[in-house]
Structures are given as structure tokens and as C-alpha cells.
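Everything quoted here is computed from the prediction, not taken from an experiment.
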Amino acid sequence: QIYHGGANSYIRDQGTGDLVIQGGANIIFEKTGGEDMLTMANDGSVVIKYNGVDRIETTTAGIDVTGTVTADGLTVDGTTGVTISGAYPTMFFGETDTTDLNTRLRTTGGSLNISTVNDAYTGGINRFNLDHSTGDISFYEDTGTTAKFFWDASAESLGIGTSSPVAILHVASADATVAHFQHTDGVNSNIRISDTSDSFYLVSRDGIGSIGGVNSSSGSNLNIDLTS
């Protein structure tokens, strides 16, 4: 039946079976004035439009979405995975129970970058960077300005406090104590490597006090102390 109910017009199937609409060519749903809302091509795509603009189109491989997809969840099945392509493919992880503590995962300039972004998903504080061309890996200090933990892939060297390691392990620090190796039981000896303006110290400690060490001052010989 096709009829008008006083307020709306209806197409109603009151028989058994399905309601089948057939067309020899394309089937097009239009609004008054001729603007397409839904087009179904014969042996081709189905296109859903928003205000005359294509938004969802079926293809031989699946669907093509133009715009932003908002969903309550996403399940990807199969072996092809998810591909995000563009000049700088980006993915945001927005955490709703915090303020300005969101994650941006992006590839740009041939590097994979992880940053902290605000709730507007702008700005960005560098946390991690992987250079695909060199294999170098950088971890940044709290402000995201300087790489303080750096792996030089070609030189197979690790820099702590420097992004230009000159040895397999290069530790750079403005603090007096450069390294501290501690046994967690609090009884066995620990080793601390320290430096001042004119002296270098390698001290062994027992968790209570110094039990010996090696020191060298500017202009003097190397001293070994096993009793201090």
C-alpha cells in the first residue's frame, strides 16, 4: 500500500514475504529538490550521503568512510590488521578520568613518536622517538625537550644524559654522583662513582658508611683506601 496518513506518507507491505524494490539501473533515494540521500548502483557501490556529501561507500574490499568514525568499541578480525595512512598518521588515546594527560601516537618525518597531549589533543610533550631510517631510539626528560636516554643503533652505543655517546656506554651528568650500584638487602656492599671539580671517587659502601675506595685528585697520584 502507498497512502498518506494525514501527517505522513507510507509505503507498507501487508502481504507475506519481503518487500522488494527493483531497478534496472541505479536505485536512488532523493529529498525534495533532487539532492541524493542514498544511491545504490547496479552491481556496484552503495553510497550513504550527509547533506549531499558522500560519507559511507561500499567497495569491493569493504567500506570507505569519509570523515570521522565515532564508536563505542572496535573489533578487528582477520590477518590484514589496521592501516592508517597519510602524511603524518596519528592516533590519540584520550583518558577521561584525568586532565591533559592523553597520549598521541604519530609517525612523522620517518619517525615514530609518542607524546603527552592536552584534552584538546594539541601541543605535545615528547616522551619517545624511534627514527626508522637509523634505528636510533630516544627517551626524553620530563619537559620533552632533550633526549636523556639515547640508543645509537649504528654505533651500538647507549647514552644516558647525552644523545651523542662516544663509547658503548656513555653516562653524562652534572651531579657529583654519576652512578650508584646498590644491593637491595642493605647489607652487602654498594658501589658509587662520584666526581667533584678536581677529584674522582670510586667508593664501596656497606649500607652504613664507606668501607673503602679509590680516589684521584688533580695533580696527584691514585689513592686506594681500604679502611675509611
Side-chain angles (χ1 to χ4, degrees), residues 1-133 137-140 142-144:
Q1 294 180 344
I2 301 177
Y3 65 95
H4 192 273
N8 301 297
S9 297
Y10 298 90
I11 299 175
R12 175 174 294 176
D13 176 23
Q14 293 187 317
T16 59
D18 301 324
L19 174 64
V20 180
I21 301 175
Q22 293 184 338
N26 299 334
I27 298 176
I28 301 174
F29 286 14
E30 294 182 349
K31 73 174 187 179
T32 302
E35 183 180 284
D36 291 352
M37 302 170 66
L38 174 68
T39 62
M40 295 167 280
N42 190 6
D43 294 329
S45 65
V46 175
V47 180
I48 301 174
K49 299 174 181 288
Y50 179 85
N51 195 24
V53 179
D54 294 1
R55 289 306 184 194
I56 300 177
E57 179 180 3
T58 61
T59 67
T60 56
I63 64 170
D64 185 3
V65 178
T66 302
T68 302
V69 177
T70 302
D72 294 331
L74 174 65
T75 300
V76 179
D77 196 5
T79 58
T80 56
V82 177
T83 300
I84 303 175
S85 60
Y88 42 91
T90 304
M91 183 179 295
F92 292 99
F93 299 89
E95 190 173 351
T96 58
D97 60 345
T98 61
T99 300
D100 295 333
L101 296 176
N102 307 294
T103 302
R104 180 182 65 199
L105 181 65
R106 180 172 67 180
T107 60
T108 178
S111 295
L112 171 65
N113 179 265
I114 300 177
S115 300
T116 299
V117 294
N118 58 30
D119 290 342
Y121 302 126
T122 59
I125 301 174
N126 289 321
R127 301 303 185 194
F128 171 89
N129 194 80
L130 167 62
D131 189 325
H132 287 300
S133 64
I137 301 174
S138 301
F139 292 86
Y140 289 82
D142 59 339
T143 67

Colleague: Which atoms form the tightest heavy-atom contact between Thr98 and Asp119, and what is the distance?
Modeller: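 Shortest heavy-atom contact: O-OD2, 4.2 Å.
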Colleague: Atom CD1 in Ile28, atom CD in Glu35: separation rounded to 0.5 Å?
Modeller: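 Interatomic distance, Ile28 CD1 to Glu35 CD, rounded to 0.5 Å: 12.5 Å.
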Colleague: Please walk me through it: do Tyr140 and Asn129 pass side-chain contact (heavy atoms from CB on, under 4.5 Å)?
Modeller: CA-CA 8 Å; Tyr140 289 82; Asn129 194 80; 4.0 Å; yes
Colleague: Just to verify, what does Tyr10 make a ring-ring contact (aromatic ring centres under 6.0 Å, His included) with, not counting sequence neighbours?
Modeller: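 Tyr10: ring-ring contact (aromatic ring centres under 6.0 Å, His included) contacts with Tyr3.
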Colleague: Would the number of heavy atoms belonging to other residues, nucleotides or ligands and lying under 6.0 Å from CG of Asp18 be above 12?
Modeller: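 Count not over threshold, so no.
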Colleague: Please find the pair of heavy atoms, one from Ile114 and one from Thr103, that lie closest to each other, and give the distance.
Modeller: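 Scanning both residues completely, I find the closest heavy atoms to be CG2-CG2, 4.0 Å.
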Colleague: Here's a test for you: under side-chain contact (heavy atoms from CB on, under 4.5 Å), which of Ile48, Thr39, Leu38 qualifies with Phe29?
Modeller: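 One option only clears the test, and that one is Leu38.
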Colleague: Should Ser115 and Asn126 count as side-chain neighbours, where that means a heavy-atom distance under 4.5 Å?
Modeller: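 In contact.
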Colleague: Please report the shortest heavy-atom distance between Ser9 and His4, naming the atom on each side.
Modeller: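 Ser9 and His4 have their closest heavy atoms at OG-CD2, 3.0 Å.
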Colleague: Can you tell me if Asp54 uses its side chain to pair, donor with acceptor, with the backbone of Lys49 under 3.5 Å?
Modeller: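 Between the backbone of Lys49 and the side chain of Asp54 there is no qualifying donor-acceptor contact (under 3.5 Å).
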Colleague: For Asp131 and Ser133, work out which heavy atoms get closest and say how close.
Modeller: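 In this case the closest contact between Asp131 and Ser133 is OD1-OG, 2.6 Å.
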Colleague: Can any side-chain N or O of Ser45 pair as donor or acceptor with the backbone N or O of Glu57 at less than 3.5 Å?
Modeller: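 Pair absent, no side-chain N/O of Ser45 close to backbone of Glu57.
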Colleague: Quiz question: by atom type and distance under 3.5 Å, do the side chains of Asn118 and Asn102 form a donor-acceptor pair?
Modeller: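 No, no side-chain donor-acceptor pair sits under 3.5 Å.
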Colleague: Quick check for you: to the nearest 0.5 Å, what is the distance between Ile2 atom CD1 and Asp13 atom CG?
Modeller: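 Reported to 0.5 Å precision, the distance equals 11.5 Å.
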Colleague: Find the distance between CD1 (Ile63) and CD1 (Ile56) and round it off to the nearest 0.5 Å.
Modeller: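 Here the interatomic distance stands at 6.0 Å.
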Colleague: Checking side-chain polar atoms at under 3.5 Å, does Arg127 have a donor or acceptor matched by the opposite partner on Thr116?
Modeller: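 There is such a pair (donor and acceptor under 3.5 Å, judged by atom type) between the side chains of Arg127 and Thr116.
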Colleague: Does Thr90 reach the main-chain N or O of Tyr88 with its side chain, forming a donor-acceptor pair under 3.5 Å?
Modeller: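 Yes, the answer is positive, given that a donor and an acceptor are paired below the 3.5 Å cut-off.
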Colleague: Tell me, with the steps shown, if Phe128 and Asn113 meet side-chain contact (heavy atoms from CB on, under 4.5 Å).
Modeller: CA-CA 6 Å; Phe128 171 89; Asn113 179 265; over 6 Å; no
Colleague: Calculate, to the nearest 0.5 Å, the distance between atoms CZ and CG belonging to Arg55 and Asp64 respectively.
Modeller: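 Going from the CZ atom of Arg55 to the CG atom of Asp64 covers 11.5 Å.
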Colleague: What's the shortest heavy-atom distance between Gln1 and Gln14, and which atoms?
Modeller: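 Looking at all heavy atoms of both residues, the shortest contact is NE2-OE1, 2.9 Å.
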Colleague: For Arg104 and Gly123, which heavy atoms make the closest approach, and how far apart are they?
Modeller: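 Of all heavy-atom pairs spanning Arg104 and Gly123, the closest is NH1-O, 2.9 Å.
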Colleague: Just wondering, more than 12 heavy atoms not from Ile11 lying within 6.0 Å of its CD1?
Modeller: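 It does not: Ile11 CD1 has 12 such atoms or fewer within range.
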Colleague: Do the side chains of His132 and Leu112 get nearer than 4.5 Å, heavy atoms only?
Modeller: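 Yes, at least one pair of side-chain atoms sits under 4.5 Å.
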Colleague: Are more than 12 heavy atoms from other residues, nucleotides or ligands located less than 6.0 Å from atom OH of Tyr121?
Modeller: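 Counting neighbours around OH of Tyr121, more than 12 heavy atoms of other residues, nucleotides or ligands fall under 6.0 Å, so yes.
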